[in-house]
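What follows is one structure encoded as structure tokens, with my remarks underneath.
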Amino acid sequence: MTERAARAVFLDRDGTLIEDVGYLERVGRIAMYPWSIDAIRVLNRAGLRVVVTTNQAGVARGYFTEALVEEIHRDIDARVVAGGARIDAYYYCPHHPDGSVPAYSRSCDCRKPGRGLVDRAVRELGVDPARSFVVGDRRLDVQLASAVNARSVLVRTGYGVTEEAQGLKADAVADNLMDAAGWILRNLT
Ligand SMILES: [Mg+2]
Ligand SMILES: [Zn+2]
């Protein structure tokens, strides 16, 4: 018996799952959108893996550490679990070519729109990108979807309204993550 590869929703963090407050450098500044946990639960029930994929160049710039990024993800995860939902993985890119911390100051293949974080989900979670979705508020999220042959949903939270006004096109444009989850469920073919 062969099982089809898993579908995933590659979920941007800042401006999509939580409010984009600029460089998020402490747990106390996390502001989850009120619909986010319900949206994740909807995706869980549809059998989709939910994978946070986020560029965290603040690590390369020396604004915060990887340990802080991981602490923030643990805090988000505790809220998600308490709400009866599940995020399957949190993948982030700590690099930037113009960083100030030598260990992270380089070009890489995991900074979106590079496909490295998606490839990691292929290896670790058995995800098929071509049956998957990318949800985000920035051009680089839509570009990531194109790069891996997934479908893109631009949300009008974070920078999404600005990106849409500047002519960014995606497979769908949704008011927020809950609206995006609804579109995904209607387009699972
Ligand atoms: Mg974003
Ligand atoms: Zn990277």
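Values in this document were obtained by computation on a predicted structure and should not be read as measured data. Atoms within a ligand are numbered from 1 in the order they appear, just like the ligands themselves. In what follows, every heavy atom counts, from backbone to side chain, and hydrogens, waters and symmetry copies are set aside.
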Self-check item: Protein N/O/S count near the Mg ion (ligand 1) (criterion: distance under 2.8 Å)
Solution: 3

Quiz item: Which protein N, O or S atoms does the Zn ion (ligand 2) have within a distance shorter than 2.8 Å?
Solution: Cys93 SG, His95 ND1, Cys108 SG, Cys110 SG

Quiz prompt | Qualifying residues under ring pair (Phe, Tyr, Trp, His ring centres under 6.0 Å), relative to Tyr159, sequence neighbours excluded | solution = none

Would you say [X] and [Y] make side-chain contact, with heavy atoms under 4.5 Å?
X	Y	result
Tyr92	Arg13	no
Lys112	Asp12	yes
Asp171	Phe133	no

Quiz prompt | More than 12 heavy atoms of other groups within 6.0 Å of Arg45 CZ | solution = no

Look at [X] together with [Y] and state whether they make a salt bridge at an N to O cut-off of under 4.0 Å.
X	Y	result
Asp119	Arg123	no
Asp179	Arg156	no
Asp141	Arg138	no

Practice problem: Sequence neighbours left out, what passes side chain to side chain contact (heavy atoms under 4.5 Å, CB included) with Glu25? Give chain and number order. | Solution: Arg29, Phe64

